[in-house]
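Please read the structure below before turning to the comments.
Computed over heavy atoms, backbone and side chain alike; hydrogens, waters and symmetry mates excluded. Labels below follow one simple rule: chain letters A, B, ... track the order of the sequence lines, proteins then strands, and each chain is numbered from 1.
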There are 2 protein chains.
Amino acid sequence: MKLISQLSKETGVPPGTIRFYEKSGLITGTRKAGVTTNDYRYYGDDVIDKLRFIQMAKDVGFTLNEIKEVIDAWYRKNLTKKAQIAVLNRKVQEIDEKMQELKAMKRQLAICIENVKNR
Amino acid sequence: MKLISQLSKETGVPPGTIRFYEKSGLITGTRKAGVTTNDYRYYGDDVIDKLRFIQMAKDVGFTLNEIKEVIDAWYRKNLTKKAQIAVLNRKVQEIDEKMQELKAMKRQLAICIENVKNR
DNA sequence: GTAAACTATGAAGTATACTGTATGGTTCAG
DNA sequence: CTGAACCATACAGTATACTTCATAGTTTAC
């Protein structure tokens, strides 16, 4: 279990952003049981996984709300098994759509590069 | 050559957004030669291509600035041949990176779906 | 035991990408 | 020739995703 600065170092996500994600309900830190002198949060390895997932998802154009849906389904936030699978399958489909768009863009750029070369 | 509402219908991009893109330098409409009574812009098929490209690029997480770089290289905005190809190749590389991220996300979700099923 | 480093909260500020509103001129159908 | 539909600009407002303060308490190294 790590404190926020350690988590930040290991993931490259700034502390302010980590706090913002926590306030947004994407990740959760726990207070150490019995400690009453401070409000320090401790983060486990699951949070590292989540942050890495968030980074990737953001980079391919998912919003934090969309990412939250996945994380909630992943960590079964009061959803039926059926509903969880439905959410996750829908995201896989969206990923496939984005993959198609990337392929289309790549084709266009390849043509464009050829055009520039043969000028 | 189409007016803005026609272009909007054919692409699904709202007129306000088209104007915003034009002001941002992503697309260009032309005034009809000789017409002095109005400021109506006319758009050719290249603008339709650009708008479709913008839509795809936005959906996979490119910013308008990043998209503008591609469009400027595409339509040779005072860049040398070498510089154009450099920009376009870099974008292809970024596309490949995003593809890798999509694959990684898909793998994770597949594992996640299996976990939910076997509960 | 104190200064530096770390933690927290709350609120304000910033960048991006629109979206809406106000205003006013233009075109076109009947 | 007039009213509805369309075009333009300028500027204000909104949503998302942070980022930066200001403030204050806590921990740790010396």
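For B/Lys32, the NZ atom is loosely surrounded, since the number of other residues' heavy atoms within 6.0 Å does not exceed 12.
The stretch residues 2-9 of chain B does not touch DNA chain C, since none of its heavy atoms comes less than 4.0 Å from the strand.
Per the geometry, OH belonging to B/Tyr42 stands 9 Å off P belonging to D/dC7, to the nearest Å. B/Arg19 places its CZ atom 18 Å from the P atom of C/dT23, with the value rounded to the nearest Å. Rounded to whole Å, atom P of C/dA8 lies 9 Å from atom CZ of A/Arg31. Taking atom CZ of residue A/Arg41 and atom P of nucleotide C/dT7, one finds them 12 Å apart after rounding to whole Å.
In the model, A/Glu22 has a side-chain atom that pairs as donor or acceptor with a side-chain atom of A/Tyr43 under 3.5 Å.
With rounding to the nearest 0.5 Å, the separation of CD in B/Gln84 from CG in A/Asn115 is 10.5 Å. Put simply, CG on B/Leu7 and CD1 on B/Ile18 are 4.0 Å apart, with the number rounded to the nearest 0.5 Å. Summarising the geometry, atom CG belonging to A/Leu102 is positioned 10.5 Å from atom CG belonging to A/Leu109; distances are rounded to the nearest 0.5 Å. Here the CD-CG distance, from A/Glu101 to B/Asp59, works out to 4.0 Å after rounding to the nearest 0.5 Å.
For the pair B/Lys58 and B/Phe53, the cation-pi criterion (under 6.0 Å, within 45° of the ring axis) is not fulfilled.
When all heavy atoms of A/Pro14 and A/Ser8 are compared, the closest pair comes out as CA-OG, 3.8 Å.
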Let me have a per-nucleotide readout for nucleotides 10-21 of chain C, 5' to 3', with B, S or -, counting only protein heavy atoms under 4.0 Å. ------SBBS--
If a protein heavy atom is under 4.0 Å from the base, mark B; if only from the sugar-phosphate, S; if neither, -; do that for nucleotides 21-27 of chain D going 5' to 3'. ----BBS
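The residues A/Lys91 and A/Glu94 are annotated as salt-bridged, a charged nitrogen and a carboxylate oxygen being separated by less than 4.0 angstrom.
When the options B/Thr17, B/Ile48, B/Val47, B/Ile54 are evaluated for a side-chain contact (heavy atoms from CB on, under 4.5 Å) with B/Thr11, the one that passes is B/Ile48.
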